[in-house]
Amino acid sequence: GIQVEQSPPDLILQEGANSTLRCNFSDSVNNLQWFHQNPWGQLINLFYIPSGTKQNGRLSATTVATERYSLLYISSSQTTDSGVYFCAVGVYGQNFVFGPGTRLSVLP
Amino acid sequence: KAGVTQTPRYLIKTRGQQVTLSCSPISGHRSVSWYQQTPGQGLQFLFEYFSETQRNKGNFPGRFSGRQFSNSRSEMNVSTLELGDSALYLCASNLAGGIYEQYFGPGTRLTVT
């Protein structure tokens, strides 16, 4: 089956810093989502982005499907951005497969 | 529009018992998927239900089962609980099944002692 890798596994930032999280996948995919899991376990939708670039406030994402990767950019990070960021990829006829996540800690 | 709801939020069970978890999808969504999240294995797909039919199943033993009702609400059942079943169980709903955009509930945290 499809393999999903995320890097870095852990990231510690000072408040106000910018960061880039990466998601690599082993085969062509039809869909891709980014999620933020807060400390209480809730998975929050960030982007549904099978290809191209999207922006939502301080966050933006780019998926280059032909090169099998997606990037999540966080600018001017805040302590509330702390948590685990997951990408999930999907192929038609199959279920979504999640990456192992990037744990982000934003320090005040 | 109300989000995905899951009940109960927390549960403590003893080895050998069985448990039933419930998930109500977003109104109008016909697909419900279940996932198990553990520190060692990450987020793993259990199964998906669409219009009361199981469409897809992950690699879990037969002790894990589910069903979906005509109102799209779904339940999952785990029989003969083992210590390793301790996990956060998440359900996700989407409009049309498969790999359309998923929306997750808050999860049920199950502890097996």
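Residue numbering restarts at 1 for every chain, and letters A, B, ... go by the order of the sequence lines.
- A 4.5 Å side-chain heavy-atom check between B/C23 and B/R73 finds every atom pair outside the cut-off.
- Comparing B/P106, B/A92, B/G58 by heavy-atom pairs within less than 4.5 Å of chain A, the highest count is held by B/P106.
- Applying the salt bridge (Lys or Arg N to Asp or Glu O under 4.0 Å) test to every pair with at least one member in residues 88-99 of chain B, sequence neighbours left out, gives no pairs at all.
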Anything under 3.5 Å between chain B and chain A that's a donor-acceptor pair? List each one with its distance, please.
from: B/Q37; atom 1: OE1; to: A/Q37; atom 2: NE2; distance (Å): 2.8
from: B/Q37; atom 1: NE2; to: A/Q37; atom 2: OE1; distance (Å): 2.9
from: B/I99; atom 1: O; to: A/N31; atom 2: ND2; distance (Å): 3.0
from: B/I99; atom 1: O; to: A/Y48; atom 2: OH; distance (Å): 3.4
from: B/E101; atom 1: OE2; to: A/N45; atom 2: ND2; distance (Å): 3.4
from: B/Q102; atom 1: N; to: A/Q33; atom 2: OE1; distance (Å): 2.8
from: B/Q102; atom 1: O; to: A/Q33; atom 2: NE2; distance (Å): 3.3
from: B/Q102; atom 1: O; to: A/N45; atom 2: ND2; distance (Å): 2.7
from: B/F104; atom 1: O; to: A/Q42; atom 2: NE2; distance (Å): 3.0
from: B/G105; atom 1: O; to: A/Q42; atom 2: NE2; distance (Å): 3.4

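- With sequence neighbours left out, the salt bridge (charged side-chain N to carboxylate O under 4.0 Å, His left out) criterion links B/E82 to B/R63.
- For chain A, the nearby parts of B/L43 are the backbone and the side chain; heavy atoms of each come within less than 4.5 Å.
- Aromatic rings of B/F47 and B/F60 (six-membered ring for Trp) have centroids beyond the 6.0 Å cut-off, not under it.
- Between A/L72 and A/F47, the closest side-chain pair of non-hydrogen atoms falls below 4.5 Å.
- Side-chain contact between B/V19 and B/N77 is absent, with no heavy-atom pair separated by less than 4.5 Å.
- Neither the backbone nor the side chain of A/V89 has a heavy atom closer than 4.5 Å to any heavy atom of chain B.
- For B/R67, the salt bridge (charged side-chain N to carboxylate O under 4.0 Å, His left out) partners are B/E75, not counting sequence neighbours.
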